[in-house]
Amino acid sequence: MYGNVSDEGIRLDLQAMKEASIKGFYLMPIKSAADGKGLGGDSEQLSPEWWKRMDTVFHTADSLNLEMGIHICDGFALAGGPWIKPEESMQRVVWSDTIINGGGIRNLVMPRPQKISNGYYEDIALLAYPATYCDDNKPKASVEFPFKSSKPCDIVMEYDKPFTLRSVEIVTGGNNYQAHRFKVYASDNGTDYKFVREISPARQGWQNTDALATYAIPATTARYFKFCWTPEGSNPGSEDMDAAKWKPNLKIGGLNLGSEPVIDGYEGKSGAVWRVSKYFPVDDKECVDPSKVIDLTPRLRRPSTTDAPLAFSLPKGKWHLVRIGHTSTGHTNATGGGGRGLESDKFSAAAVDKQFDNWFAAIYRHAPIDVARKVLTRLHVDSWEAGSQNWSSNFMDEFKKRRGYDLKPWLLLYAGVPLKSSEESEKVLRDIRLTIGDLVNDVFFSEVRRLADEYGVKLSTECVAPTMVSDGLRHYQFADYPMGEFWLNSPTHDKPNDMLDAVSGAHIYGKNIIQAEGFTEVRGTWDEHPAMLKRLLDHNYCIGINSIVFHVNTHNPYTDKKPGMTLDGIGTFFQRDNTWWREMPAFSSYISKTQALLQYGRPVSDIAIY
């Protein structure tokens with residue numbers, strides 16, 4: 001932690017593992033010395049001092065016959081580093097939308113999209129389509145945003161003249177399940193209201209802040225629109241780690257009402273963020289006719305950094321001019337330190353290779369080859385905490401190869417514009433998500449598997465969903481050790497798919513060893529002990545795991561301070577200075593016997609549920 005490492009602490013930690021009958025460990029340095037100011041850390045990852053400590057790890061583990069796994073990057077999520085350039089990082093589609101009048105256009109400078117990350121942007125297309133339903137009239141809200149409430153309340157949006165509502169964008173400053181639970185009503189006089197629709201939150205993951213959420217509204221003309229909220233009827237859940245489910249408080253930054261048709265939940269459907277929405281169609285008569293979309297892409301200057309004035313002609317009337325491009329998602333391996341940087345492009349084998357070579361391979365090459373082969377036996381990919389990715393320089397080509405048609409005529413779907421029909425728009429968006437899922441597996445995990453084989457190590461992987469848009473099971477085909485995760489006393493974090501995906505994936509792909517990161521805890525309270533843990537462990541054995549990986553053993557660099565360091569208080573502390581550590585061999589003995597029997601057998605499932 002924070003560069004606090006000592007040779008004697010390493011020797012004591014590993015000796016304690018050996019005496020507790022633990023087979024090995026995953027080594028994951030967390031944060032930098034600069035992040036822990038005042039703690040005195042001097043072994044910044046990749047520094048000369050850090051490499052000296054790594055020598056001690058290798059030689060001590062070798063002398064104790066312990067095995068080691070190294071994560072694919074610094075920290076524990078997910079696969080990035082300072083060597084990854086913005087153009088080599090995970091990419092997302094961004095756009096700017098300008099309303100112009102048709103006719104001869106001269107000297108028009110198209111604004112770039114606002115959400116550009118790390119100064120990197122590349123154009124994809126410039127498209128124009130009729131602004132048939134454009135109405136810039138703005139409402140007055142009955143509350144001041146940002147707005148909070150713990151009691152049932154109404155938010156009324158008032159127009160000075162009748163307005164036809166077709167969409168609403170919910171603005172939040174973070175995850176807030178309650179901000180997506182409204183009943184919408186309309187009125188001409190502010191007194192008599194009629195029901196329009198109920199807005200319900202999509203199923204969402206915990207990294208749900210990379211995009212706002214937009215909901216389609218059946219075309220409704222009125223002067224007053226009332227958004228009614230109540231905490232009653234909130235669903236329990238933990239997948240999104242959203243406290244607004246456990247303590248139902250409404251927190252909302254704003255309501256952006258729109259006159260134009262928008263695909264319901266397009267942000268999740270386009271792969272910008274992991275969300276699963278119920279189908280809510282847009283009226284087909286309001287979908288944009290693809291034949292009326294004009295491709296102005298040849299007018300764009302290269303490179304994309306050159307925003308030269310444009311000249312072209314459009315038919316008369318109002319037009320949307322949409323500049324579509326891609327930028328870095330901006331996600332980093334945030335828990336890293338000296339090796340912290342942008343997340344590598346998961347759709348680029350070259351980017352994955354670069355990441356691997358600068359971290360795992362550098363560590364492997366550092367040790368004497370005979371020691372490395374004996375000690376460093378695993379490459380690990382931990383839980384996906386890098387958000388989603390919906391573009392790359394090769395995405396258009398891969399889409400056509402895999403789906404059989406050109407994506408370019410459908411690019412406006414990324415901006416939520418419904419094309420041709422609601423059904424057709426949904427179909428193409430589904431194909432976008434399928435292509436994302438294909439590339440995560442066929443590029444990222446396939447390449448990681450190849451690299452593990454090249455270095456003669458086993459591969460363990462944790463869950464992908466509910467963070468990266470993909471099939472939550474497919475990537476386990478590449479793993480030697482599929483791995484889930486379960487938590488202790490942490491109902492807001494114990495996501496059910498974390499275990500079920502790993503178990504089901506292992507069964508489908510014939511993997512005999514099913515691991516679980518176990519007893520992770522939001523805030524360790526030092527009252528945990530093996531008798532408390534056994535029941536939870538047995539429960540997860542029954543779910544289907546047969547190999548436990550304890551969370552967590554935090555390196556204690558001190559010989560005179562107890563209990564030493566923790567992972568910022570997170571985890572159950574399986575480490576040498578815990579008061580019950582001397583009793584750990586008895587717990588380990590029970591675990592070894594149980595797992596031996598579970599690994600000897602083969603699972604038989606009478607019913608398959610998909």
Side-chain angles (χ1 to χ4, degrees), residues 71-95 113 115-124 205-211 267-275 304 324-336 339-359 381-399 407 414 432-448 451 461-472 474-475:
H71 191 244
I72 194 172
C73 73
D74 191 7
F76 58 76
L78 177 79
W83 37 80
I84 299 297
K85 299 176 183 178
E87 60 268 29
E88 299 170 323
S89 68
M90 294 175 70
Q91 302 291 301
R92 61 187 172 97
V93 174
V94 290
W95 63 92
K115 297 179 180 180
I116 293 176
S117 177
N118 288 272
Y120 172 71
Y121 172 78
E122 289 289 340
D123 282 315
I124 299 172
W206 67 274
Q207 277 192 322
N208 189 43
T209 57
D210 282 345
E267 297 92 343
K269 293 174 180 177
S270 65
V273 65
W274 191 97
R275 291 179 191 153
S304 298
I324 302 174
H326 63 98
T327 186
S328 171
T329 66
H331 278 284
T332 65
N333 54 324
T335 57
R340 182 166 57 211
L342 288 171
E343 281 286 340
S344 59
D345 185 348
K346 305 306 184 291
F347 304 161
S348 165
V352 176
D353 291 349
K354 186 176 185 180
Q355 171 58 39
F356 179 89
D357 190 63
N358 279 278
W359 184 255
V381 180
D382 209 62
S383 54
W384 197 289
E385 301 182 19
S388 193
Q389 172 177 350
N390 64 2
W391 198 259
S392 60
S393 59
N394 60 338
F395 193 83
M396 198 101 76
D397 292 337
E398 291 288 347
F399 183 94
L407 178 59
Y414 277 99
I432 288 173
R433 298 193 300 277
L434 288 173
T435 303
I436 292 171
D438 285 349
L439 294 176
V440 169
N441 287 282
D442 296 347
V443 178
F444 179 71
F445 282 105
S446 176
E447 186 64 9
V448 171
L451 292 166
T461 63
E462 286 198 24
C463 295
V464 172
T467 304
M468 177 67 194
V469 173
S470 65
D471 183 320
R474 281 177 62 188
H475 71 291

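Here the structure is a predicted model, which is why all the values come from computation and not from measurement.
- Judged purely by distance below 3.5 Å, without hydrogens or angles, the side chains of Trp83 and Gln355 pair a donor atom with an acceptor atom.
- Across all their heavy atoms, Gly330 and Ser117 have their closest contact at CA-OG, 3.3 Å.
- Rounded to the nearest 0.5 angstrom, Ile436 CD1 and Ser470 OG are separated by 9.5 Å.
- Here the OG-CG distance, from Ser348 to Leu439, works out to 11.0 Å after rounding to the nearest 0.5 Å.
- Side-chain N/O atoms of Gln389 and Asp345 include a donor and acceptor closer than 3.5 Å.
- If you take OG on Ser392 and CD on Glu398, they are separated by 7.5 Å, rounding to the nearest 0.5 Å.
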Legend entry - Criterion side chain to side chain contact (heavy atoms under 4.5 Å, CB included) on Asn208 and Arg275, from CA distance to verdict: CA-CA 8 Å; Asn208 189 43; Arg275 291 179 191 153; 2.6 Å; yes
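- Shown here for Tyr120 and Pro86, the closest heavy-atom pair between the two residues is CB-CB, 3.5 Å.
- Side-chain contact between Asp353 and Glu447 is present, with at least one heavy-atom pair separated by less than 4.5 Å.
- In terms of heavy-atom proximity, Trp391 sits nearest to Phe347 at O-CD1, 3.8 Å.
- Between Leu451 and Phe356 the shortest side-chain heavy-atom distance falls below 4.5 Å.
- Atom OG1 of Thr467 is separated from atom CH2 of Trp274 by 8.5 Å, given to the nearest 0.5 angstrom.
- Ser388 approaches Met468 most closely through the heavy-atom pair CA-SD, 3.6 Å.
- Residues Val469 and Asn390 have side chains not in contact (no heavy-atom distance under 4.5 Å, counting atoms from C-beta outward).
- Smallest separation of non-hydrogen atoms from Leu78 and Ala386: CB-CB, 4.2 Å.
- Atom-to-atom distance recorded for Asp471:CG and Leu434:CG is 9.5 Å, nearest 0.5 angstrom.
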Inset, instruction - Using the side chain to side chain contact (heavy atoms under 4.5 Å, CB included) rule, take Lys85 and Lys354 through it: C-alpha gap first, then chi angles, then the decisive distance, then the call. - result: CA-CA 11 Å; Lys85 299 176 183 178; Lys354 186 176 185 180; 4.3 Å; yes
Inset, instruction - Apply the test side chain to side chain contact (heavy atoms under 4.5 Å, CB included) to residues Tyr121 and Ile116: give CA-CA distance (whole Å), side-chain angles for both, the deciding distance (0.1 Å), then the verdict. - result: CA-CA 6 Å; Tyr121 172 78; Ile116 293 176; 3.8 Å; yes
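- The closest donor-acceptor contact from the side chain of Lys346 to the backbone of Ser344 lies under 3.5 Å.
- With hydrogens and angles ignored, the 3.5 Å screen pairs a side-chain donor or acceptor of Gln207 with a backbone N or O of Glu385.
- Among the candidates Thr329, Asn333, Thr332, the single residue satisfying the side chain to side chain contact (heavy atoms under 4.5 Å, CB included) test with Leu342 is Thr332.
- Using cut-offs of 30° and 60° for the angle between ring planes, the Phe444 and Trp384 rings count as perpendicular.
- The shortest distance between side-chain heavy atoms of Ile324 and Tyr414 does not fall below 4.5 Å.
- Gln91 and His326 share a side-chain donor-acceptor pair at under 3.5 Å.
- To the nearest 0.5 Å, the span separating OG1 on Thr435 from CG on Asp442 amounts to 10.5 Å.
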Legend entry - Trp359 and Ile72: CA distance, side-chain angles, deciding distance, side chain to side chain contact (heavy atoms under 4.5 Å, CB included) verdict: CA-CA 7 Å; Trp359 184 255; Ile72 194 172; 5.9 Å; no
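- Under the 4.5 Å side-chain criterion, counting only non-hydrogen atoms from C-beta, His475 is in contact with Thr461.
- Minimum heavy-atom separation, Met396 to Ile124: CE-CG2, 4.0 Å.
- A salt bridge does not link Arg92 to Asp210: none of the charged nitrogens lies less than 4.0 Å from a carboxylate oxygen.
- No donor-acceptor pair closer than 3.5 Å links the side chain of Arg340 to the backbone N or O of Asp74.
- No side-chain heavy atom of Phe445 sits under 4.5 Å from any side-chain heavy atom of Val443.
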